[in-house]
There are 2 protein chains.
Amino acid sequence: MEARHLRYALAVAEHQHFGRAAAALGIAQPPLSRQIADLEREVGERLFDRTPGGVFPTAAGAAFLAPARRALCEMSAAAVEAGRAARGETGRLRVGFIGSALLRFLPSVLAPFRRDHPDVRLELREMSTARSAAALTRGELDLAVGRGAPRGAGAEELVTVTVGRDHLVTVVGTGHPYAGLKTVSLAQLGRQHLIVTPADDEPAVRAGLRALLEDNTLALDTATEARDVHTIIGLAACGVGAGLGPSCMRAAGRPDTWFCDVTPRTPLPDLVLSHRRDDRSPVLAAFLEETRRSATTRARPGRARGAAVSRSDAAR
Amino acid sequence: MEARHLRYALAVAEHQHFGRAAAALGIAQPPLSRQIADLEREVGERLFDRTPGGVFPTAAGAAFLAPARRALCEMSAAAVEAGRAARGETGRLRVGFIGSALLRFLPSVLAPFRRDHPDVRLELREMSTARSAAALTRGELDLAVGRGAPRGAGAEELVTVTVGRDHLVTVVGTGHPYAGLKTVSLAQLGRQHLIVTPADDEPAVRAGLRALLEDNTLALDTATEARDVHTIIGLAACGVGAGLGPSCMRAAGRPDTWFCDVTPRTPLPDLVLSHRRDDRSPVLAAFLEETRRSATTRARPGRARGAAVSRSDAAR
DNA sequence: GGTCGCTCATACCTGTGAGGTATCGCGGGC
DNA sequence: GCCCGCGATACCTCACAGGTATGAGCGACC
């Protein structure tokens, strides 16, 4: 049985007349008669009653036509869905991201992406840079948002794009001696109890900090660790010590906290997107395109900081 | 796009290999490659990634395959449903019946029919013989169970089958003078206040009664009318008078009622099935077949009364 | 009641295209 | 570098979808 048979049967049912159905199908009447006869032979039942008053479906014909209609619907739906999937309008995007990406990058990208791709299922999971990179190479994620390009096993299969730059800031509670200062020096920081992100989670960030505080590794080794920027800020607000984090962390500021730039101005590893090099997912491509677009529209009106996007490979 | 393309695409997806898919389809590999290429051209998207490690659906391909599978399912379902409908296993049967058919005929036929045709939607509506015949010719019913073959406009388009015979009995309350009698005569009945079925509802029954009581038409003209056997019995129990009805009415007897045969033994119009002569519905045919079968199985062990089935035309 | 007209079925022809065979191009692995 | 496996390409062939001509059945109508 071919789709042709279904189309012909539906045309006959619609027009109740072989001649007119054939005309509507753009073929002659005899071939239509024969195709219907072939179909009836294959199904094993007469599907139409040919009466002088017109052609009407038998009980078997009526029962045949409903699923036949659905089958043709599904066939055209297949073509439509293939096109939509190819354009990235449907599908799924599994994104792993660090919490600080929620402060500036994701807000600027997610809203327009959702607007332009409402039928894409976004699966967003907050996780550390290290975990998202591993999940990416295992195929459990399609996109990772983290700080610093992934290194280590499988990293050469990934491609990274920088989507944000931040420098180091410190956050303290309003009762802390630094509260009210515009800047604090590295030397001052080295004498504080620090609150930092765990080494396992953010190797690039920790390596950078270790290099900065080379004379005060003790400060880092005895530091309090917190996985989330909000936790770092909250602990600082409690007076636990001086939190260290990216400058975008200011967006999560609370009335009982104070932020100081660190001098000298100290860039942190870039906020980067990573995805598998061989990933041809149109949804991923659409998301990256949206990232580029939102970067340029943000860059034009004013400062390019945090909006610079440059493509590079993680392999080395 | 033809069903062939869907089958081929599904085979390629399943085997992840053009050669093996072609073998499974019973064709050579080159035609399969070409059909897939044709399909991709028609859809406008590449559906499969041909890699050295195997053939895998692209995002568009994956989106295509799901509805394609459903389309093929619907196609085979169409053939199956046509067969089931042709065998009367699915469909609808709208039956109009007089209340007394619930006493003997319908109980013997409906249970086995439902058991053998569980997916047929039975629409059962209690109505008078006159109304069911009219609804039948208007196409609002498929089958009518009534007393006496339909006459009048449209009756020649109907076919009737006798499914039950009854003779006249009378029912009285236990306080009535006839209570305890085995039989009462027509003459005795003519002196009673009667409870009978309305003339509009059951013309054949009323005509028969009128002929019987020719000397006592007054008794009929002043009779109480009740549409339903249960109402006739109930009114008789209340002492309103002597109810007249078919012998199968005994099956609805109550402790406060008494039934007497009428002498001489007086046959009532047959209980008949009617259906449109041009109705080719397999469900109807299956129901009639079930009727015949249950009649013969009931006839064998004992009395054939009420089970005799004879086919005849209502036209005259 | 014979004829006409309408409609679907049948007979037969034709051209397209599905499927066959042979072969090429291209990676990957030894 | 060579071989092997796999999909693509080239070309052929025949089945079958579709075309034309005509037949068969059945109302309608004069």
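Naming: A, B, ... by sequence-line order, numbering from 1 per chain. The structure presented is a predicted model; accordingly, all values stated were derived computationally and were not measured.
- Going from atom NE2 of B:His17 over to atom C1' of D:dC4 covers 12 Å, rounded to whole Å.
- More than 12 non-hydrogen atoms from other residues, nucleotides or ligands lie less than 6.0 angstrom from CZ of A:Arg276.
- Across the protein-nucleic acid pair, A:Phe56 atom CZ and C:dC8 atom P stand 11 Å apart, rounded to whole Å.
- Residue contacts for A:Phe48: at a heavy-atom cut-off of 4.0 Å it reaches no nucleic acid atom on any strand shown.
- A close approach under 4.0 Å does not occur between any side-chain nitrogen or oxygen of B:Arg50 and OP1 or OP2 of D:dC6.
- You'll find that the side chain of B:Arg4 is closest to C:dA18, out of C:dT7, D:dG7, C:dA18.
- The pair A:Arg46-A:Glu40 meets the salt-bridge criterion, with a side-chain N (NZ, NE, NH1 or NH2) lying under 4.0 Å from an Asp/Glu carboxylate O.
- Distance B:Tyr8 OH to C:dA18 P: 9 Å, rounded to the nearest Å.
- The interatomic distance linking A:Leu6 (CG) with D:dA17 (P) rounds to 14 Å, in whole Å.
- For the pair B:His15 NE2 and D:dC6 P, the computed distance is 14 Å after rounding to whole Å.
- Residue pairs that meet the salt bridge (Lys or Arg N to Asp or Glu O under 4.0 Å) test with at least one member in residues 14-23 of chain A, sequence neighbours left out, do not exist here.
- Ion pairing between A:Arg7 and B:Glu2 holds under the 4.0 Å rule for side-chain N and carboxylate O.
- Of the candidates B:Arg94, B:Arg280, B:Arg92, B:Asp142 forms a salt bridge (Lys or Arg N to Asp or Glu O under 4.0 Å) with just one, namely B:Arg94.
- Between the P atom of D:dG7 and the CZ atom of B:Arg20 lies a distance of 8 Å, rounded to the nearest Å.
- For the contact set between residues 23-46 of chain A and DNA chain C, defined by any heavy atom under 4.0 Å, the members are A:Gln29, A:Pro30, A:Ser33.
- Just one residue in the list A:Leu271, A:Thr129, A:Val109 forms a side-chain contact (heavy atoms from CB on, under 4.5 Å) with A:Val145, and that residue is A:Leu271.
- In terms of phosphate contacts, B:His5 brings no side-chain nitrogen or oxygen within less than 4.0 Å of OP1 or OP2 of C:dA18.
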